[in-house]
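Taking it in order: structure first as structure tokens, then the write-up.
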Amino acid sequence: MKRLYPYLTGGITEDWTDYLLAYQEAGADAIEIGLPFSDPMLDGTTIQQASDRALRRGTTVDAILADLAAVRDRISVPLFAMTYANLVFRDGPEVFCRRLAEAGVSGLIVPDVPVDEADGLSAAAEAAGVDLVLLAAPVTPPERLAEIAARSRGFVYAVSVLGTTGERDELAGTAAPLAARIKAVTDLPVLIGFGISRPEHATAAARAGDGVVVASALMRRVLDGATPGELLDDVAALRAAVDQADQEVPADHAHAEVSGDRG
Amino acid sequence: MKRLYPYLTGGITEDWTDYLLAYQEAGADAIEIGLPFSDPMLDGTTIQQASDRALRRGTTVDAILADLAAVRDRISVPLFAMTYANLVFRDGPEVFCRRLAEAGVSGLIVPDVPVDEADGLSAAAEAAGVDLVLLAAPVTPPERLAEIAARSRGFVYAVSVLGTTGERDELAGTAAPLAARIKAVTDLPVLIGFGISRPEHATAAARAGDGVVVASALMRRVLDGATPGELLDDVAALRAAVDQADQEVPADHAHAEVSGDRG
Amino acid sequence: MTVLESMAPPTGGRFGDFGGRYVPESLVPACAALETAFREAWADATFHERLAELRSVYAGRPTALTPATTLSADLGITLMLKREDLAHTGSHKINNVLGQALLAQRMGKTRLIAETGAGQHGVATATAAALFGMRATIYMGERDMARQRLNVFRMELLGAEVIPVTAGSRTLKDATNEAMRGWVAAVEEAHFCLGSAAGPHPYPWLVRQFQRVIGEEARAQAAVQPDVVVACVGGGSNAAGTFAGFVDTRARLVGVEAAGGAAMTHGRPGIVHGYRSMLLQDEQGQILEAESISAGLDYPGIGPEHAHLGALGRAEYVTVTDDEAVAALGRLARAEGIICALESAHAVAWVLRAAGTPELPAGSTVLLTLSGRGDKDMATLAGVTE
Amino acid sequence: MTVLESMAPPTGGRFGDFGGRYVPESLVPACAALETAFREAWADATFHERLAELRSVYAGRPTALTPATTLSADLGITLMLKREDLAHTGSHKINNVLGQALLAQRMGKTRLIAETGAGQHGVATATAAALFGMRATIYMGERDMARQRLNVFRMELLGAEVIPVTAGSRTLKDATNEAMRGWVAAVEEAHFCLGSAAGPHPYPWLVRQFQRVIGEEARAQAAVQPDVVVACVGGGSNAAGTFAGFVDTRARLVGVEAAGGAAMTHGRPGIVHGYRSMLLQDEQGQILEAESISAGLDYPGIGPEHAHLGALGRAEYVTVTDDEAVAALGRLARAEGIICALESAHAVAWVLRAAGTPELPAGSTVLLTLSGRGDKDMATLAGVTE
Ligand SMILES: Cc1ncc(COP(=O)(O)O)c(C=O)c1O
Ligand SMILES: Cc1ncc(COP(=O)(O)O)c(C=O)c1O
């Protein structure tokens, strides 16, 4: 089964956890929760705006984790926190990971902590029972890719494109080859993220890997005022698109199709 | 008899020669006529404005001389032209001096042609029968003063002050000592000019020298729209003030009085 | 680690507890390639020759060391000014940029990306790009663009594209984020020409190496070796370059921060823009906006080497207010006929304040780096003084 | 008179038929005293040492000689740029002003009076006054003050009094008249720090002697001796200083005037501001207002030495329009990363236009003096290009 991991910026609205429930209801396999940071280096305009809005609302990591704890018993899918190094190292990675675990968050993605800087965090995450997900990029060289895959937990995040998060007209031609390279060196699921903006991108990406992460396309809707109910429909459409990849062709063919975008 | 040489900017109004006639009627011993130049380096604001206005009216040296020729038979006092080097050297000093003579102008004052630069001009003036008046300043050293006095014709112009033309509240303390120094080396009349703004200045200066040149104080009135009749009264008042110097005390005493201003 | 070691190529990109390479995976190979290229270049005599040639025939180096005669007499000290204001483009930023552009060319890059605050680094980058026939893309906060219109125009005249950054405080911090995002998207063709001794490894080291010419020249020029060496600190490049010339002497090293951007004095350790150092941040770990009249010091972080030198006690960090800096700029202008940048005026202000106190005893010999000239700040100052 | 003699101290203040001392009697003793003081100083090794020291530790000399690599390749010539833009305060004007301030100090003067057009000479004078602890009074046309606001602010910051001149065209010509009037009134305490190789004797000679460091440095720096030496000409000081280094060589000397201020090309002999030279004037002998986008070239006269060199055929004088100068400034910026002053851009524009034509054949080696940097002109340019 191909996976769908939709993203939500924590604390974006007062009742932000309603979106989580809607995502779950629409068929999310797991949910990524952004812990907003003032300087989200790897994020494009949409996630920057979402982070800004959440912070201007007065959101904090504590508040988000408290909100999560409150809905914890209604959420059955795994939750991954996505945030930046400064928040993780603020009180030390041990404290941070323990608090995640206590709030029911089982994974962590920190885009500005590459594998070389991950030692302390890896250990802390492991000790707290949190999966530290590492990211791989199209420019990652083979040996390094192997190391990332080996040290990643939960899944490997394939950054589809040389660029920030944000919607794009086409799925990057770099997505499928990267997914293939990662799959060649690991048995962990490989999720493709960055720029999955339309159901057809989701289908194509899910074909190439084991599933997709969708962030900006959903957050733009939330920023525009769409309700949890409306988001449920969006996620459901993505779910259908991802599922389509399951019903089709071998990976080889899918690969060729996706990389066709390159020309 | 102490002398009064009032000044008028040529071409300042359409009927500017009416002022000449008024000056004469009021008792001027001679009249200085400014031939306006665009860059009157030694003139203060009043004469600058008068020159500007005359030039903006379209005045030229030719036009001024033609106007003069037209009233020539009604003017019996000597006329001195006062202007700057560029107008004098424009077509060569010979041509320039001849034209002055033809228009009935018998003297020439060029403040930016000091004695060191005067050779050619002196010769040309002499040939045309025009008196080239040289100027002496408070800072002129003795030997140089003797040379200036020796080479000046008509009179010696004593520049009363280190400064430009323009009205001042008091007659400069430098005026009388300079006049005395010049008189000691020449038999030519010594006229004091620059900053003779009020009748009492005129009296004091006339005491120290052989008479006064009055320019800015009169031109300010003309610029303010005073009529030839009004200027007649102004010049008459100066005439009276100058004449007062005649009725008095020996030169020695006058000198002491004026230089008293210094302290 | 001893102080001297701390000035050597950092192992694993660390200065003590600070530094590192906290960047997205997309940038790791580029940073690594840059490090390799820099190590090779730095070991290559031809590279040094070309750099030396550019510095002297193009950038106006060596810059003068000027005795501040009047101020020295007034203050009872011996004050020498290292005149980076005389360098081409008007500040020390050109030293770094010429080095990086040479390196970028060596690496086959065709484009330079840079962030800028005061615009001095942007102008320097645009200049080097023009000189090397490269494209330049300069990210600049909208607020800084308004404060430094002259420099925006200069960059455009030099053929650079200036991209207004509207996120966050719309100043240097946000421009840096956006430049790094721009680099992520163009990492194969573009070199990120970072403007201070900050950012991910190898930048803090590499930038300091390109700036050490300041300190080395000054040391060779000074007739008397200084007791105290002073420089203003934004990201910390002019200070790092100056200190590098004196770290192995007994001279006290003093870095002067803007009171509103004083990462050393008011910050705590944290990670931003790819490196770990002292940072202005709130209780939650959100980065704070700095507030300084001088765009070049309006930055919440500081280069990791400074955090390390501070932790070791080898360098001291002090702060100066906007008002003190403005007054110092005027006093230097009237006393010595030198209009320095508002950034540099912070260093001057500390000397004015400290001279004759135990902080800077009478009789001291002081070397102060004037990091740049003040032309760019005239509009700001006119606003303040009118 | 041979050309070489024409470069020696002029007899009676004449360069051939030009020059002289056409000033009010009140100024004659001051001019004479200045001449004497200058002759003495120039013969005094201590004076030269002090001047050399100031030039190097304060003003950033020697300035670089930069090969314009890209333009040279594009134009098929070898173009070298003498970088007066790197001198302290941003132009060659500082060379003259440091010399005159030293001289004024030697003469016991306590105040400097100056005229300024672009403001560069005013800034330089205010700078020297600050450095020497003298008062400075700067006369500047109101129109130039509006065009060069940055420089007005710089002068005031340096402690100078800037007096707006509202007479005539409200530009340099009128400021010069007013400065001379101001000098007449303060001749005992004040030195008139004239800004170009114009004015009454000994100024044209004295200013050229203080500026010859440009040409002499360039000659020593150039690996290949130039076939052609080019500089822009306002009053003519940077050109005179440049030419002085090459007048005894076979190099062609080319002075570039602004088309709207081309005294050599469109003027006739005349007398203004104390000297006889080529002048823009009407049929009646009234001085015309020059019209140039560059305030420093917006002057109807030219130094008498140029009139003489032109009459002898030793130097050529050509003109460049505002549009050509603006385009040249941009092209130099994009090709070499140097934003020069609009004045200097006139010299660049001539090279761009002439290169590859019989006027400046391919293969020529050209030395061009970049008289100043362009910061002061950004507002003007923004107005033109927007
Ligand atoms: C003139 C000047 N000085 C100092 C700085 C601060 O930078 P750093 O601390 O890297 O020297 C800047 C930054 O723009 C600057 O323009
Ligand atoms: C940069 C620059 N170049 C040239 C000139 C023209 O003066 P000169 O012809 O005396 O060199 C000026 C005058 O202000 C100037 O500022």
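Reminder, nothing fancy here: chain letters follow the sequence lines and each chain counts from 1.
Counting only distance, with no hydrogens or angles, the side chain of A/H201 and the backbone of A/S197 share a donor-acceptor pair below 3.5 Å.
At a 4.5 Å heavy-atom cutoff, the contact between A/F37 and chain C is made by backbone and side-chain atoms alike. Contact of C/L279 with chain A is made through the side chain alone, with heavy-atom distances under 4.5 Å. In this structure, the portion of C/P29 lying under 4.5 Å from any heavy atom of chain A is its side chain and not its backbone. Heavy atoms closer than 4.5 Å to chain C are found in the backbone of A/D43, but not in its side chain. When heavy atoms are compared at a cutoff of 4.5 Å, C/R276 does not approach chain A at all. Proximity to chain C (any heavy atom under 4.5 Å) is shown, for A/P40, by both the backbone and the side chain.
Salt bridge annotation for C/E289-C/K173: absent, with no cationic side-chain nitrogen under 4.0 angstrom from a carboxylate oxygen. Between C/R147 and C/D298 there is a salt bridge, with a side-chain nitrogen of the basic residue lying less than 4.0 Å from a carboxylate oxygen of the acidic one. For A/E147 and A/R144, the salt-bridge test fails: no basic side-chain N is under 4.0 Å from an acidic carboxylate O.
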Review point. What's the verdict on side chain to side chain donor-acceptor pair (under 3.5 Å) for C/H273 and C/N177, showing C-alpha distance, side-chain angles and the deciding distance?
Key: CA-CA 7 Å; C/H273 298 154; C/N177 289 325; 3.2 Å; yes
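Per-residue counts of heavy-atom pairs under 4.5 Å with chain C were compared for A/V115, A/L55, A/V161; the largest is that of A/L55. The greatest number of non-hydrogen atom pairs below 4.5 Å with chain C, out of A/T140, A/D39, A/L135, is found for A/D39.
Between the side chains of A/D52 and A/Q48, no donor N or O sits under 3.5 Å from an acceptor N or O.
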